[in-house]
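We name chains A, B, ... by the order of the sequence lines, and we start the count at 1 in each one. The figures that follow rest on heavy atoms only: side chains count, while hydrogens, waters and symmetry mates do not.
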There are 2 protein chains.
Amino acid sequence: MANAYQRKKQPERVRQQLLEVAARLSLEQGIGAVTLDAVSQAAGVSKGGLLHHFPNKLALLDGLFDELVARFDRAIEEAMEGDDVERGRFTRAYLTVCFALDAEADGKGWQVLTIALLAEPHLKERWREWVARRADEFATTDSSPNCLLARFAADGVWLADLLESHEFDAATRALLFQNLKALSLQ
Amino acid sequence: MANAYQRKKQPERVRQQLLEVAARLSLEQGIGAVTLDAVSQAAGVSKGGLLHHFPNKLALLDGLFDELVARFDRAIEEAMEGDDVERGRFTRAYLTVCFALDAEADGKGWQVLTIALLAEPHLKERWREWVARRADEFATTDSSPNCLLARFAADGVWLADLLESHEFDAATRALLFQNLKALSLQ
DNA sequence: ATAAAGATACCGTCTGGACGGTTTGTCAAG
DNA sequence: CTTGACAAACCGTCCAGACGGTATCTTTAT
């Protein structure tokens with residue numbers, strides 16, 4: 001730390017570290033805690049260093065968004081692997097991922113996504129693009145009203161997880177999941 | 001404006017104006033734009049004046065939350081009036097209100113609720129209380145999994161409206177609404 | 001092979017502005 | 001004449017970003 005000039009350069013590692021730290025900070029202390037100072041310090045980098053990787057704060061949030069969307073995409077793709085029914089496959093994967101998020105260890109880190117998303121009108125736009133791309137991609141298999149409905153419900157459940165507003169028992173939760181999956185097949 | 005000492009004193013009016021302005025600001029420019037300076041200025045009041053009505057910023061957000069929840073409650077109650085089927089009545093009202101929000105003129109102002117809600121852990125807690133109270137109140141008529149599901153879907157639709165992430169045609173939207181209402185009756 | 005010539009990856013400090021909140025003062029109404 | 005409803009100036013803090021530097025990588029020319 002004292003002599004960081006000498007230490008090995010590992011830009012990709014540092015960049016990753018910055019994103020991780022930013023996610024963790026926002027999770028633990030709210031989005032307000034994500035300041036350039038706090039993030040850089042927690043990542044063991046100077047503020048100048050942070051600003052080298054992300055030219056401004058918006059770029060940092062963008063990077064965070066990209067990272068999280070990428071994880072989301074991967075999770076969905078993974079969930080689609082083991083499903084050989086075409087109809088509603090994407091929707092079922094979406095359901096699976098959304099319902100699993102609260103249990104998952106690093107799933108908590110996702111929460112920052114929405115917060116930033118809602119706070120930053122700019123990210124709202126990017127999310128819209130994601131939805132549009134996916135809707136287009138799976139138009140032939142997942143565009144039925146029932147699939148749409150199921151995905152909306154998943155969003156609702158995910159929001160409830162985020163806000164911790166509903167106290168489910170696991171059985172009800174599982175039942176909901178089953179019912180929604182059934183909807184995706186009709 | 002120049003000489004506000006002379007103008008008629010109308011505390012309730014000013015208070016209301018402050019809340020309205022705060023809602024509008026958060027809607028148009030994000031929650032970050034809701035600063036004491038901006039709100040007070042846009043409401044034609046000095047910052048001292050604002051802080052007379054709301055001793056600190058948290059109190060302002062609280063007031064906003066109260067106002068919005070009150071409107072929500074009123075809207076739900078109103079929607080329940082014309083419904084004489086007991087089973088799922090609350091859920092149908094909830095659906096009606098959520099689906100109507102984007103069309104409503106001042107419905108847009110609601111959006112601030114979530115944003116503030118997600119940003120402020122403190123408001124998250126209060127929202128949880130609202131949900132719990134309602135869930136308890138209508139436990140006998142609206143606690144079925146299908147009702148729960150319908151309400152979650154409504155939340156999802158509402159979120160989509162908020163983020164402007166989905167482009168519905170009116171027909172699909174109406175169909176969703178009908179399907180969900182049907183669910184509340186099963 | 002190697003040395004010069006950039007390019008890249010950082011560090012540490014400074015600044016200007018925004019923002020929440022305080023204080024003191026002023027006017028009006030009851 | 002006391003209290004409530006404001007105004008206006010001010011304070012301390014925090015924060016985004018600029019800036020100028022330094023050390024390490026990579027490429028290129030010889």
is_close_aromatic(B:F177, B:F168), centroid dist under 6.0 Å: no
In whole angstrom, give the distance that lies between atom [atom1] of [X] and atom [atom2] of [N].
| X | N | atom1 | atom2 | answer |
| --- | --- | --- | --- | --- |
| A:L60 | D:dA16 | CG | P | 10 Å |
| A:R15 | C:dT8 | CZ | P | 15 Å |
| A:R13 | C:dA9 | CZ | P | 16 Å |
| B:L50 | D:dA5 | CG | C1' | 13 Å |
| A:K57 | D:dA18 | NZ | P | 15 Å |
| B:E12 | D:dC6 | CD | P | 10 Å |
| B:N56 | C:dG20 | CG | P | 11 Å |
| B:L61 | C:dG21 | CG | P | 10 Å |

Taking the side chain of [X] as heavy atoms from C-beta outward, which of [options] is closest to it?
| X | options | answer |
| --- | --- | --- |
| B:L36 | C:dG12, C:dG21, C:dC19 | C:dG21 |
| A:L51 | D:dA18, D:dA16, D:dA8 | D:dA18 |
| B:D37 | D:dA16, C:dC19, D:dA7 | C:dC19 |

Contact under 4.0 Å: B:H52 side-chain N or O vs D:dC6 OP1/OP2: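 Indeed not, no polar side-chain atom of B:H52 lies that close.
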Below 4.0 Å: OP1/OP2 of C:dC10 and any side-chain N or O of A:H53: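 Yes, A:H53 has a side-chain N/O under 4.0 Å of OP1/OP2 on C:dC10.
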Validation row: A:M80, A:E77 side chains within 4.5 angstrom (heavy atoms): no
Salt bridge (charged side-chain N to carboxylate O under 4.0 Å, His left out) contacts touching residues 136-149 of chain A (sequence neighbours left out): A:R134-A:E137
Steps toward side chain to side chain donor-acceptor pair (under 3.5 Å) verdict (B:R89, B:T141): CA-CA 7 Å; B:R89 188 192 291 159; B:T141 59; over 6 Å; no
Whether over 12 other heavy atoms sit under 6.0 Å from A:R13 CZ: no
First encountered from the 5' end of DNA chain D, between A:T35 and A:G48: A:T35
Quiz item: A:K47 side-chain donor-acceptor pair to D:dA16 base, under 3.5 Å: yes
